[in-house]
Amino acid sequence: MANSFQTATSTPAQDVTQSCWSCGAMRTAYFCKACGKVQPATPVDYFTFFGLPRKLNVDLAALEKDFYLLSRKLHPDVVAQGSRMEQEWSLQQSSLLNDAYRTLKDPVRRTEYLLRIEGVELEEQSKAASDKARNTGEAKKQIVPPDLLEEVFELNMQLEELRMQKKMGEDDPALLEEIGKEKLKLEEKHEAHLRDLKAYWGNWDTLIEREQHGDAVSPEERRQARDKMVDLLNRRNYVRNLVRDVNEALEQ
Amino acid sequence: MATDYIVGIDLGTTNSLVAFMQGDNPVVIPGDDGSHLVPSVVALDSNGQPIIGNAARNSLIETPERAIYSVKRLMGRGVEDIQQELKLFPFRLAEDLQAGEVLRIKLGKRTFTPPEISAFILRQLKRNAERFFGAGVTKAVITVPAYFNDAQRQATKDAGRIAGLEVLRLVNEPTAASLAYGLDRKQNAIVAVYDLGGGTFDISILKLHDGIFEVVATNGDTHLGGDDIDNLLITIALDDIRGDMGVDLRRNAEAVQTIRQAVIAAKIALSSQSSIRLDIELPGGKRYQREITREQFEQLIQSIIDRTVGPCKQAMKDAGLKPEQIDEVVLVGGSTRIPKVRALVKDLFQREPHTDLNPDEVVALGAAVQANILSGGSEATENMLLLDVTPLSLGIEVAGGVTDKIILRNSTIPASATQHYTTQVDGQANVAIHVLQGERELARDCRSLARFDLRGIPPMAAGMARIEVKFLIDANGILHVSAREQRSGKESEIEVQPSYGLTDEQVEAMILDSFDNAEEDFRRRQVIEARSEGDTILAALDKGKKSPAWGQLTTNEKKQIAKMEKALTAVKSEDDYHAIRKAIEALNQGTTRLAELMMDSAVSTALKGKTMEQADLGEGPSAPHPVAKAEFE
């Protein structure tokens with residue numbers, strides 16, 4: 001049982017410092033090793049919850065296996081006959097488990113989450129800014145990646161023309177084809193950004209491994225590895241928003 | 001055997017069922033008429049007493065003003081949501097209903113909320129189960145459409161509470177169906193469940209993995225089902241009648257119900273035959289006659305059943321799967337009996353769908369499986385675990401009327417999200433939060449779940465307060481909110497005002513109300529049963545007195561029996577069933593020797609040790625022993 005847990009080394013979730021409320025044996029962060037009873041949740045980050053180091057390359061098959069294994073112990077169905085307290089703990093633990101799994105299994109969410117717990121206010125740079133722009137009713141004031149500037153300008157012109165035509169009830173197959181082609185290009189770029197992001201993971205993971213081996217990692221090294229990913233995620237979000245705009249214009 | 005039964009209930013738009021796990025197999029519990037299905041129809045009789053199910057169906061025609069069907073369509077909804085419904089269904093709302101208020105429906109002179117009407121149906125199912133077990137039933141798993149929102153789920157849970165049931169879990173209908181199907185095939189596979197019922201449509205895609213049933217995506221339409229087909233056929237018939245005969249029957253509730261039952265029968269017949277002749281007697285003696293071929297029927301319903309395609313495609317997209325990656329397709333719901341629907345599913349998933357289990361019963365059977373899992377499981381359900389998802393994204397309204405999504409649809413539940421809020425002005429004590437459910441960008445296009453105020457924030461400069469609000473969707477798909485001001489560590493008071501729900505106080509009042517009635521109903525039934533049992537034993541005693549065995553008793557024994565006989569006769573005319581039962585028990589014990597003596601003389605020792613009640617084998621075809629019978633006469 002819990003084979004894949006043993007791959008995790010020296011993570012707080014595995015550091016047993018408390019004893020089980022029910023039988024007094026030593027426990028993990030979520031359930032008792034001796035009697036299997038669910039334990040009150042301790043606030044931990046998602047990596048810690050799964051007993052994983054803060055690395056971005058994750059063995060998804062092992063993660064899924066652990067998710068199922070933990071679900072069998074933590075899900076509210078398991079303690080349906082238990083005390084009110086156990087049910088409450090199970091609700092907390094299984095929601096944490098599900099939140100953690102959902103975040104870690106997705107490459108982009110995983111990266112965004114890691115950056116956030118590493119202190120990067122990602123939202124400031126992308127989501128919050130665009131929300132604010134939307135809320136004030138102004139056009140999005142996102143910084144256009146310089147190499148996209150020309151393309152975006154052209155696309156916005158086309159979309160404007162499309163909206164006009166739709167309003168007039170006109171139909172221009174040539175324009176639709178051009179926009180379709182542009183959309184395809186953007187979608188490819190979106191995919192390419194994901195590949196690039198994965199390439200950056202290695203840089204980060206190397207730093208973590210060095211730390212695990214007791215090597216010092218300078219704040220500057222950390223910052224550089226982080227910033228590359230932040231920049232890429234922002235570009236990717238920008239492209240994603242463009243694709244969404246195109247879809248909206250096409251559907252209207 | 002534990003007496004603590006947990007039943008599984010399918011509270012359907014058209015029919016409802018109750019099931020439980022008998023050994024390794026889930027079985028449906030029949031009603032006293034032997035029928036598995038309890039039609040979801042509620043009516044009041046002339047004394048204002050509720051009639052439920054088959055017995056209420058005639059009321060739809062005879063006293064339509066005191067009857068209601070398809071109430072599930074109204075669960076958790078506000079008056080502004082149901083304008084379309086009101087055009088098609090004979091729902092009579094209370095006149096003084098305000099916008100934003102929980103609906104109240106008129107049945108005769110009284111009004112009821114949808115959860116109260118659903119509770120009548122649940123109570124009937126509860127009674128059926130109690131009669132079946134001969135014991136009380138207080139715990140249940142109830143199924144809901146996967147695409148039900150928070151308010152609709154909460155309303156269903158409220159209905160359970162009003163009916164005196166502790167709802168241990170709300171399970172999504174397609175997921176429940178997959179549990180019933182999964183019992184005997186525990187392999188690993190991707191399964192799509194297509195569930196087209198009376199009033200709702202769901203599509204769920206599940207990953208089966210060593211007993212874990214993981215829902216990966218779900219979608220649907222809570223206002224799409226067989227009802228829509230019926231309404232279309234009714235509209236056509238009414239138009240025909242108006243055109244051909246010049247009579248407008250739209251306001252004639254009785255005639256509309258007659259037409260409704262006829263077109264439903266025609267719809268069902270067209271699943272097995274190629275044409276059907278509608279022949280309906282109208283008020284005034286005229287007849288409406290029309291031939292409908294299956295081909296015509298299929299053309300008519302095409303636009304309705306096509307509405308299931310979009311949700312199926314979206315679910316596959318959300319699951320990141322193509323049709324060819326889906327291993328099995330399961331059909332659920334009565335409307336999937338329509339050949340055209342089956343053809344559509346086959347075309348959509350490029351696969352012959354499974355229809356092995358009765359589509360009307362499979363959801364209730366699955367609910368029984370889940371009930372078994374929750375009660376600790378058995379060999380049949382060992383290792384089975386359901387991981388379901390929330391069907392709709394949860395969001396918060398932010399400035400500009402925009403929805404900020406904090407838990408995305410298809411997230412495995414329980415799921416949570418934490419948001420931080422601050423104050424806008426110095427000394428601000430309250431922060432208003434508007435919780436929404438739905439996929440649209442703008443708050444006004446999403447479903448409003450609740451508005452609440454964070455209160456009692458300690459006085460601070462603007463922007464200093466840091467309020468952490470935790471949103472948690474539980475395993476039933478129901479939202480819970482808690483909040484804390486982090487700088488002061490103070491738990492903020494939250495008053496969640498559900499947009500379309502009953503408050504706890506209202507539900508409590510309804511429970512008390514129904515409890516009073518239920519108690520009374522239960523008591524009355526017990527008295528009637530106890531009296532009839534008393535009659536049986538007294539009749540048996542009369543016969544015993546005429547038998548030779550009577551002479552073998554001592555004078556004292558005879559005296560004792562006479563005393564107990566008198567006592568039973570006396571309490572029998574009163575309303576205390578406890579006293580009647582006690583007297584029966586006493587007489588039963590007191591006549592044990594008489595019964596033995598009678599047996600001895602009749603069939604030697606074969607029935608020794610039996611009490612009078614058991615020894616009375618006379619009368620009727622149930623008598624197991626012909627020799628004893630002869631002796632008694």
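Letters go in sequence order (proteins before strands), and every chain restarts at 1.
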Tell me the closest heavy-atom pair linking [X] and [Y], and the distance in Å.
X      : Y      : value
B/L408 : A/R109 : CD1-NH2, 3.7 Å
A/S95  : B/L472 : OG-CD1, 3.9 Å
B/A475 : A/H75  : CB-CE1, 4.4 Å

Would you say B/R307 has more than 12 foreign heavy atoms packed within less than 6.0 Å of its CZ? yes
Taking atom NZ of A/K105 as the centre, report whether more than 12 heavy atoms of other residues, nucleotides or ligands fall under 6.0 Å from it. yes
With a 4.5 angstrom heavy-atom cut-off, is it the side chain or the backbone of [X] that approaches chain A, or both, or neither?
X      : result
B/L442 : neither
B/I413 : backbone
B/H209 : both

Would you mind checking which part of [X] comes under 4.5 Å of any heavy atom in chain B, side chain (CB onward), backbone (N, CA, C, O), both or neither?
X      : value
A/Q87  : neither
A/D77  : both
A/R102 : side chain

Roughly how far, to the nearest 0.5 Å, is [atom2] of [Y] from [atom1] of [X]?
X      : Y      : atom1 : atom2 : answer
B/K139 : A/Q81  : NZ    : CD    : 5.5 Å
B/E441 : A/R244 : CD    : CZ    : 5.0 Å
B/I212 : A/F67  : CD1   : CZ    : 7.5 Å

I'd like to verify something: which residue of B/I373, B/L387, B/L168 has the highest number of heavy-atom pairs under 4.5 Å with chain A? B/L387
With the side chain counted from C-beta on, respond yes when A/N98 and B/P414 share a heavy-atom pair under 4.5 Å apart, and no when they do not. yes
